[in-house]
Amino acid sequence: MSVQERKERERASRERLIVATARELAEQQGWDAVTTRRLAERIEYSQPVLYSHFRGKREIIGAVALEGAAEMAGALRAATSTTATATATATATDEPRARVVALARAYLDFAADNPAVYDAMFQLDGGLAFAQEDTPEPLKDAFAALLETLGEVAGDDVHPALFTELFWASLHGLATLTRAGRLPPEDSELRVELLVDRLAVV
């Protein structure tokens with residue numbers, strides 16, 4: 001391994017450590033607790049070293065958001081592919097509905113299990129462009145993971161991407177309101193069933 005390759009690996013390793021530490025701190029104490037000073041102390045590097053990777057907290061939030069988007073896309077695809085396998089013997093109308101329900105549950109579970117990451121993705125300013133030409137690939141892929149399943153149930157006269165945006169907005173509202181204590185958590189399953197039955201053409 002050349003000196004340059006070793007330096008690049010060390011740099012990538014430090015970046016992963018910074019992002020992982022920011023996530024951990026944010027999940028434990030909230031994003032207000034994530035400062036460059038505290039991160040530098042936790043990872044035992046100087047603040048100038050940290051700034052050589054990220055210009056500030058905004059870029060760190062963006063890095064966490066991109067990592068979270070990739071994880072969410074994986075979770076959504078895993079949930080829908082598992083459901084497709086489990087419902088292989090189901091009728092043609094049962095399978096799309098089961099996949100949409102699994103997608104909705106996986107989305108809401110991800111939001112509930114990773115609140116700081118979810119905030120980085122959708123609530124905080126991470127300097128990332130959404131729905132633009134320069135939208136980073138992990139964000140595009142997370143939307144694609146929704147579209148792959150939801151596009152099938154949009155209906156004949158509905159643009160699949162627009163339907164996906166509407167369904168996503170509904171899921172985001174449910175996730176946000178439930179976490180804020182505005183919706184009773186015991187009715188979560190009923191909300192998912194109602195959302196799927198009223199919006200999706202299955």
Please list, one pair per line, the donor and acceptor atoms closer than 3.5 Å that link side chains of residues 195-202 to other protein atoms, with sequence neighbours excluded.
residue: Asp197; atom: OD1; partner: Arg97; partner atom: NE; Å: 2.9
residue: Asp197; atom: OD1; partner: Arg97; partner atom: NH2; Å: 3.0
residue: Asp197; atom: OD2; partner: Arg97; partner atom: NH2; Å: 3.3

Taking all atoms of both residues into account, what is the closest heavy-atom pair of [X] and [Y], and its distance?
{"X": "Val34", "Y": "Ala22", "answer": "CG2-O, 3.8 Å"}
{"X": "Val192", "Y": "Ala104", "answer": "CG1-CB, 3.9 Å"}
{"X": "Ala129", "Y": "Leu139", "answer": "O-CD1, 3.8 Å"}
{"X": "Gln47", "Y": "Ala40", "answer": "CG-CB, 3.7 Å"}
{"X": "Gly151", "Y": "Thr164", "answer": "N-OG1, 4.2 Å"}
{"X": "Pro160", "Y": "Ala154", "answer": "CA-CB, 4.0 Å"}

message = Once ring pair (Phe, Tyr, Trp, His ring centres under 6.0 Å) is applied, do any residues pair with Phe110, and if so which ones, sequence neighbours excluded?
response = none
I'd like to check [X] versus [Y] (side-chain heavy atoms, cut-off strictly below 4.5 Å). Are they in contact?
{"X": "Val49", "Y": "Arg14", "value": "yes"}
{"X": "Glu24", "Y": "Glu27", "value": "no"}
{"X": "Arg77", "Y": "Asp141", "value": "yes"}
{"X": "Glu59", "Y": "His53", "value": "no"}
{"X": "Val19", "Y": "Arg16", "value": "no"}
{"X": "Asn114", "Y": "Met72", "value": "no"}
{"X": "Leu128", "Y": "Thr135", "value": "no"}
{"X": "Glu71", "Y": "Pro138", "value": "no"}

[atom1]/[X] to [atom2]/[Y] distance, rounded to the nearest 0.5 angstrom?
{"X": "Ile18", "Y": "Leu50", "atom1": "CD1", "atom2": "CG", "answer": "4.5 Å"}
{"X": "His159", "Y": "Glu165", "atom1": "NE2", "atom2": "CD", "answer": "9.0 Å"}
{"X": "Asp109", "Y": "Ser188", "atom1": "CG", "atom2": "OG", "answer": "9.0 Å"}
{"X": "Lys57", "Y": "Thr36", "atom1": "NZ", "atom2": "OG1", "answer": "9.5 Å"}
{"X": "Leu183", "Y": "Thr178", "atom1": "CG", "atom2": "OG1", "answer": "4.5 Å"}
{"X": "Asp187", "Y": "Glu193", "atom1": "CG", "atom2": "CD", "answer": "12.5 Å"}

inquiry  = If you count every heavy atom of other residues, nucleotides or ligands that lies below 6.0 Å from Asp157 atom CG, does the total exceed 12?
reply    = no
Exceeds 12 heavy-atom contacts within 6.0 angstrom, atom CZ of Arg55 = no
ask   = Partners of Asp125 by salt bridge (charged side-chain N to carboxylate O under 4.0 Å, His left out), sequence neighbours excluded?
value = Arg58
ask   = Counting only N and O atoms by type, is there a donor-acceptor contact under 3.5 Å from the side chain of Ser13 to the main-chain atoms of Glu10?
value = no
inquiry  = Strictly distance-based, threshold 3.5 Å: is any side-chain N or O of Thr149 a donor or acceptor partner for the main-chain N or O of Leu146?
reply    = no
key: Verdict with supporting geometry, Glu186 and Arg191, salt bridge (charged side-chain N to carboxylate O under 4.0 Å, His left out)   = CA-CA 10 Å; Glu186 63 271 14; Arg191 287 187 201 98; over 6 Å; no
key: Check against side-chain contact (heavy atoms from CB on, under 4.5 Å), Gln123 and Thr176   = CA-CA 10 Å; Gln123 304 285 87; Thr176 304; 4.2 Å; yes
Stepwise salt bridge (charged side-chain N to carboxylate O under 4.0 Å, His left out) check, Arg9 with Glu5 = CA-CA 6 Å; Arg9 281 192 183 185; Glu5 287 173 330; over 6 Å; no
Please determine whether residues [X] and [Y] belong to a single hydrophobic cluster, defined as Ile, Leu, Val, Met, Phe, Trp and Tyr linked transitively by side-chain heavy-atom distances below 4.5 Å.
{"X": "Phe130", "Y": "Ile61", "answer": "yes"}
{"X": "Leu174", "Y": "Leu194", "answer": "no"}
{"X": "Leu25", "Y": "Tyr51", "answer": "no"}

task = Indicate the ring-plane relationship of Tyr118 and His172, choosing parallel, tilted or perpendicular according to the 30° and 60° boundaries.
result = parallel
request  = Return the orientation label for the Phe163 and Phe167 ring planes: parallel under 30°, perpendicular over 60°, tilted otherwise.
outcome  = tilted
request  = With salt bridge (charged side-chain N to carboxylate O under 4.0 Å, His left out) as the test, would you mind laying out the steps for Glu8 and Arg11 before giving the verdict?
outcome  = CA-CA 5 Å; Glu8 287 173 6; Arg11 180 174 178 77; over 6 Å; no
query = Checking side-chain contact (heavy atoms from CB on, under 4.5 Å) for the pair Arg6/Val3: CA distance, chi angles, key distance, verdict?
reply = CA-CA 5 Å; Arg6 183 172 51 79; Val3 172; 3.9 Å; yes
